[in-house]
Asks: 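My questions will all concern the structure given below.
As the structure is a prediction and not an experimental result, all values here were calculated from the model. Heavy-atom basis, side chains included; hydrogens, waters and symmetry copies ignored.
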Amino acid sequence: MENLTTKYNFEEIEAKYYNLWLKQGYFHATKDTDKKPFVIVIPPPNITGILHMGHALNNTIQDILIRYKKMSGFESLWMPGTDHAGIATQNVVERKITGDGLSRHVLGREKFLEKVWQWRQEYGSTIIRQLKRLGCACDWSRERFTLDAGYSNAVLDVFVNLYKKGLIYQGNYIINWCPRCQTALSNEEAPHKDMDGFLYYIRYPLKDSNEHIVVATTRPETMLGDTAVAVNPKDKRYKKIIGKTVILPLMNRQILIIKDDFVDPRFGTGAVKVTPAHDPNDYALGKRHGLEFVNIMHPDATLNENALDYAGQDRFKARAAIIEDLKERGLLLKVEAHKYAVGHCYRCHTIIEPYLSRQWFVKMKPLSLAAKKVVKDGKVKFYPSRWTKVYLNWMENIQDWCISRQIWWGHRLPVYYCKNCYKPDNTEEDVRQSGVIVAKTRPARCPDCGKADIVQDEDVLDTWFSSWLWPFATFGWPDKKVSEEDLKYFYPTSVLVTAQEIIFFWVARMIMAGLEFMQDIPFKDVYIHGTVRDKTGKKMSKSLGNIIDPLDIIKEYGTDALRFSLISITAMGQDVYLAKDKFELGRNFSNKIWNAARFILMNLDTKQTEGDLCIFYKQTKLSLADAWVLSRFYSTLKALNQALNNYRFNEAAGLLYEFFWHEFCDWYIELAKLNIKERNTQFVLYKILEKTLRALHPFMPFITEEIWQKLNPEAGSIMQKTWPHVQENLIDRVLEKKMTMLKEVIITIRNLRSKNNIKPKDMVEVSILAEDKKKRGILKDTQSYIEKLARVSKIAFLEVPVSFDGVSCDVASGCSIYLHINFDAAAENERIEHEINQITSNIKRKEELLKNSAFIAKAPVPVVEKENKALAELKADLKKLEAIKYAVKK
RNA sequence: GGGCGAUUAGCUCAGUUGGUUAGAGCGUUGCGUUCACAUCGCAAAAGUCGGAGGUUCGAGUCCUCUAUCGCCCACCA
């Protein structure tokens, strides 16, 4: 058996094994009807992505599950891939070619797309390489990309399918428009942020009158597109002037004062300027009242010719200019500070413009019904469960999904127009319009007029319109030949692991798509982990400069340390505030594991480690330490299984940490040193290490593999091994209690040594009074343990109280412990007095509790019994302490 | 305007169905090179569990109210 290097060189080890696992095909999963499948589809990272802590956490969790289930006998499949990330990628490449003095418009669509593919070739798999660095056991032979041919086919298929069902339509609406990206966005892509703004009060003069009506607005520049002023019909202040005409300042346009219940008389002046082409509410008002829709902006948010003198100006410059002009004319009454929520582009953070345009939409209400039901019925479960409510609330208030994007990188709409007979109108939801052909392939001629002059829609689909098919399109759906077998076996998938930010974007929509196209849920569980933030609670982002780069941590501490640290500090669904020093936890633990293994390997004799544990257990009389560590291992394993099955990862990590470090290393290995050469010790040391490595492997794949290989040079990879089986018969609570007593006695002696300033190298003599025969027996049997771990040279066991001169004493587990040393009698007395006081007050509390008839009557019997027993023990301890006090005084 | 989360030791956080005297890591203090590990060992100090009520024999845990911080959703211009 070869030993480990003195120092744990994680860099070398990590480089060694990932490729080996890959070469051996350990990550590959295929249909195997003898096994149950366990499947996770990766949340496909954007091809523009680089690994951040969120990814590191997200993928570590998935990897733990995948490896755990694989070892547990499941056919474990982790489906990997990347997302083309329409707007994000287009932005990146555009920025790049701008640097080269080009623009996409100069290049043209085809050439530009070539550049993007080129870019993808070069940089698009950065994140994949980084996931490999993290140790992810993805089945790379199945890697998918949302713009691959097969996948694109699925996307187009779905579009045509939904169009035929009447669930996709084209229509004119106010949508969220990003003036910088120059595309429409869905509601989810335009999150609102609170901003400090102003409420401007503007006078609108009444026609043929000296009077005026005052309107309040946060966006004065939109007044150029006003086509009415609205008041509440019940508002007494304005009753007289409803129906009158006002002159729109700066534009000199005549517009009407209309009434509508929508207007809140308590807000502002109770009079609203109506701009139907630039505000969703005003749009609805405009529709109700048949108002004119005046668009005053170009797509880049500069004002257009409808803005007359302001044409050409940027929207915010125009705002300032308009305010100045109104002021000059005495039409600006006042300005108040005002907080309001404004939509921002989720890709470039530019302020969204509500913009009237013709776009494609998915009707969501019909899709949401089944998606609501499966969650309500518990067929899809959220962990933690509170997200259920968030999900259902969104489903309840669902709005149609704008899916067309005015960019080039993505799936181009399978929509064709006949130049001859297509005439876009202003309708909403024109499900069928002549000259519109929706088909996966380009039609030869127009079915309405028969002419062949046909053009394809310029737009592409929302990236999420492809992502929502991920759990089944990755298997090759809808191509039956490719996907049928796999889907039957692997679908629905087992669990989706993701962050809260994309519940609406992705999780909710996948559930809808799964139910609509597969007639089944896409996954059974949804585990939502927290967001990784910096230590002040801010999201980590490049612009804030507060990023802790996982790759830096990997370089400095190692992958396993990164993984174990992250998992340890992430309680279910709770955000994690991260600082670099948190990773020391994992680094130190790696170091501990390494050194413990090194010690064991250093002392292990291979011949002594062979055999079956259960048979060995039955046939051998084990020492307390041996039986104890086995019992503790299996108790830990049992709890570990439970924690993993309930997605309690921090608890799982904590259990392993506690067992390995503070039980196995601190106690068992120290005790094992006493008889390290003996068969039993050798066997147990080997078995515990070997099994613990397996249980640790999903968390720390590299270090466990390296140690495994050295421990079992012939046994192959740890990845091929099974998860340890819980041996219930080896779990022995009584025995664990015995060990607890022994530990208490040892700790008490150490404590007395420390209090009396005895140097670690100095040996002491002790007497132990154990009136209880059983206890005395245990302590006598483990005398050598006490001597070794408490540095004791001689122990006298007493059956009855004896008084000593010159001893330092204490009570532990019902035994009195006397240290025969020179000591400070005054200090000793004070300490014992203090202990007596403490124990007396505890006894009092317990006596009162047990005198309480309500407690006796209503508390369950075992609880009362436990209290009684505890009281008896306390009383015995008190008696001993008093005896000790007496002894000391003498 | 709704919804959610957090509030526990100096710091960062655990605490599953209510059950002895509330835990960990880091930090602090004291001692320590007994050769697996100083990325270590041994020991210690440290908390009226945000506040107020309530339910209960019993509350960090359940209920109500409340304070502070944070997040999400929502068309008050």
Asks: State which of B:G15, B:C76, B:U21 makes the closest approach to the side chain of A:Lys846.
Replies: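 That would be B:U21.
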
Asks: Is it true that A:Gln399 and A:Trp394 share a donor-acceptor pair across their side chains at a distance under 3.5 Å?
Replies: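 No - no donor-acceptor pair under 3.5 Å links their side chains.
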
Asks: With nearest nucleotide decided by heavy atoms, which residue, A:Asp575 or A:Ile839, maps closer to the 5′ end of RNA chain B?
Replies: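 Its nearest nucleotide lies further toward 5', so the answer is A:Asp575.
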
Asks: If you check the A:Arg845 side chain, which of B:U21, B:C42, B:G19 turns out closest?
Replies: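 For A:Arg845, the side-chain atoms sit closest to B:U21.
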
Asks: For A:Asn852, which contact category applies under a 4.0 Å heavy-atom criterion: base, sugar-phosphate, or nothing?
Replies: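 Touches sugar-phosphate only.
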
Asks: What's A:Arg648 touching, base or sugar-phosphate or nothing? Going by heavy atoms closer than 4.0 Å.
Replies: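 Result for A:Arg648 = sugar-phosphate.
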
Asks: Of the listed nucleotides (B:U39, B:C73, B:U21), which one gets closest to any side-chain atom of A:Leu874?
Replies: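 Of B:U39, B:C73, B:U21, B:U21 is nearest to the side chain of A:Leu874.
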
Asks: Identify which nucleotide among B:G25, B:G5, B:A74 has an atom closest to any side-chain atom of A:His192, counting heavy atoms from C-beta outward.
Replies: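 So the side chain of A:His192 is nearest to B:A74.
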
Asks: Report yes or no: is the cationic atom of A:Lys592 (NZ for Lys, CZ for Arg) closer than 6.0 Å to the six-membered ring centre of A:Tyr8, at no more than 45° off its axis?
Replies: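 Pair A:Lys592/A:Tyr8 does not count as cation-pi.
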
Asks: Choosing from B:A77, B:A44, B:G30, which nucleotide comes nearest the side chain of A:Thr217?
Replies: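 Out of B:A77, B:A44, B:G30, the nucleotide with an atom closest to A:Thr217's side chain is B:A77.
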
Asks: Quick check for you: among B:A77, B:C42, B:U16, whose closest atom lies nearest to any side-chain atom of A:Asp264?
Replies: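 For A:Asp264, the side-chain atoms sit closest to B:A77.
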
Asks: Calculate the interatomic distance between A:Lys580 atom NZ and B:G27 atom C1'; express it in whole Å.
Replies: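 Computing the A:Lys580:NZ to B:G27:C1' distance gives 19 Å.
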
Asks: In this structure, how many angstroms lie between the C1' atom of B:C72 and the CE atom of A:Met395, rounded?
Replies: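 From A:Met395 CE to B:C72 C1': 17 Å.
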
Asks: Among the nucleotides B:U16, B:U12, B:A77, which one has an atom lying closest to any side-chain atom of A:Phe267?
Replies: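 Of the candidates, B:A77 comes closest.
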
Asks: Hey, does A:Val390 reach any base, or is it just sugar-phosphate, or nothing, if we go heavy atoms under 4.0 Å?
Replies: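 Result for A:Val390 = nothing.
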
Asks: Given that both pair distances must be under 3.5 Å and the pair must be Watson-Crick or G-U, what runs of three or more consecutive pairs involve RNA chain B?
Replies: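 Runs of three or more consecutive pairs: B:1-7 with B:67-73, B:10-13 with B:23-26, B:28-32 with B:40-44, B:50-54 with B:62-66.
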
Asks: Side chains of A:Glu336 and A:Tyr201: do they bring a donor and an acceptor to under 3.5 Å?
Replies: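 Checked: A:Glu336/A:Tyr201 side chains pair up, N/O donor to acceptor below 3.5 Å.
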
Asks: Using a 4.0 Å heavy-atom cut-off across all strands, classify A:His278 as base, sugar-phosphate, or nothing.
Replies: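 The residue A:His278 makes no contact with any strand.
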
Asks: At 4.0 Å (heavy atoms only), tell me whether A:Lys339 reaches a base, stays on the sugar-phosphate, or touches nothing.
Replies: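 Counting heavy atoms under 4.0 Å across all strands, no contact is made by A:Lys339.
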
Asks: May I ask you to say what A:Glu658 touches in the nucleic acid, namely base, sugar-phosphate or nothing, with a heavy-atom cut-off under 4.0 Å?
Replies: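 Counting heavy atoms under 4.0 Å across all strands, no contact is made by A:Glu658.
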
Asks: Go through the side-chain N and O atoms of A:Asp400 and A:Tyr173 and say whether any donor and acceptor fall under 3.5 Å apart.
Replies: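 No, because no side-chain N or O of A:Asp400 sits under 3.5 Å from a partner of the opposite role on A:Tyr173.
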
Asks: Rounded to whole angstroms, how far apart are CG on A:Asn187 and C1' on B:C73?
Replies: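 About 12 Å, once rounded to whole Å.
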
Asks: Need one value for A:Ile747: base, sugar-phosphate or nothing, where a base atom within 4.0 Å counts as base even if backbone is also close, heavy atoms only.
Replies: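 Counting heavy atoms under 4.0 Å across all strands, the contact made by A:Ile747 is with sugar-phosphate only.
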
Asks: Do A:Glu663 and A:Tyr668 come within less than 4.5 Å of each other through their side chains, counting heavy atoms only?
Replies: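 The answer is no; the side chains never approach within 4.5 Å.
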
Asks: Rounded to whole angstrom, note down the P distance from B:C13 over to B:G50.
Replies: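 Approximately 14 Å lies between the P atom of B:C13 and that of B:G50.
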
Asks: Is any side-chain heavy atom of A:Thr222 closer than 4.5 Å to a side-chain heavy atom of A:Lys273?
Replies: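 With C-beta onward as the side chain, the pair touches.
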
Asks: In sequence, state the C-alpha distance, the side-chain angles, and the governing distance for A:Tyr355 and A:Trp177, and then conclude on ring pair (Phe, Tyr, Trp, His ring centres under 6.0 Å).
Replies: CA-CA 6 Å; A:Tyr355 200 60; A:Trp177 181 265; 5.3 Å; yes

Asks: When the distance from CG of A:Leu656 to C1' of B:G25 is rounded to whole Å, what number comes out?
Replies: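 Rounding to the nearest Å, CG of A:Leu656 and C1' of B:G25 are 16 Å apart.
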
Asks: In whole Å, measure the gap between the C1' atoms of B:G51 and B:U68 for me.
Replies: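 Those two atoms are separated by 11 Å.
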
Asks: Measuring only between side-chain heavy atoms, which start at C-beta, is A:Trp661 closer than 4.5 Å to A:Asn588?
Replies: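 A:Trp661 reaches A:Asn588 side chain to side chain.
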
Asks: What's the closest nucleotide to the side chain of A:Phe855 if the choices are B:C13, B:C57, B:U39?
Replies: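 Nucleotide nearest to A:Phe855's side chain: B:C57.
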
Asks: How close or far is atom P of B:A74 from atom CG of A:Asp194, stated in whole angstroms?
Replies: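 Distance, rounded to whole Å: 12 Å.
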
Asks: Would you say that A:Asp264 contacts A:Asn232 through its side chain, given a criterion of any heavy-atom pair below 4.5 Å between the two side chains?
Replies: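 Side-chain contact under 4.5 Å: no.
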
Asks: Counting any heavy atom closer than 4.0 Å, what does A:Pro191 reach on the DNA or RNA strands: base, sugar-phosphate only, or nothing?
Replies: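 Result for A:Pro191 = nothing.
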
Asks: In whole angstroms, how far is the C1' atom of B:C76 from the CD atom of A:Glu336?
Replies: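 It works out to 14 Å between those atoms.
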
Asks: Side chain of A:Arg386: nearest nucleotide among B:C40, B:C4, B:C73?
Replies: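 Nearest listed nucleotide: B:C4.
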
Asks: Using a 4.0 Å heavy-atom cut-off across all strands, classify A:Phe262 as base, sugar-phosphate, or nothing.
Replies: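 Here A:Phe262 touches the bases of the nucleic acid.
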
Asks: Heavy atoms under 4.0 Å, any strand shown: does A:Ala216 hit a base, just sugar-phosphate, or nothing?
Replies: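 Answer is base: heavy atoms of A:Ala216 come under 4.0 Å of a base.
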
Asks: Reading nucleotides 31-38 of chain B from the 5' end, what letters show protein touch, with B for base, S for backbone sugar-phosphate only, - for no heavy atom under 4.0 Å?
Replies: SS---BB-

Asks: Report yes or no: do A:Thr531 and A:Glu501 form a side-chain donor-acceptor pair below 3.5 Å?
Replies: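 On atom types as modelled, these side chains qualify, holding a pair under 3.5 Å.
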
Asks: Starting at NZ of A:Lys389 and ending at P of B:G2, how long is that distance when rounded to a whole Å?
Replies: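 Atom NZ in A:Lys389 sits about 13 Å away from atom P in B:G2.
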
Asks: When you measure from the side-chain N and O atoms of A:Asn751 to the phosphate of B:A44, is any distance below 4.0 Å, counting only OP1 and OP2?
Replies: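 True: A:Asn751 side-chain N/O within range (under 4.0 Å) of B:A44 OP1/OP2.
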
Asks: Could you tell me the separation between the CD1 atom of A:Ile502 and the P atom of B:C73, rounded to a whole number of Å?
Replies: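 From A:Ile502 CD1 to B:C73 P: 14 Å.
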
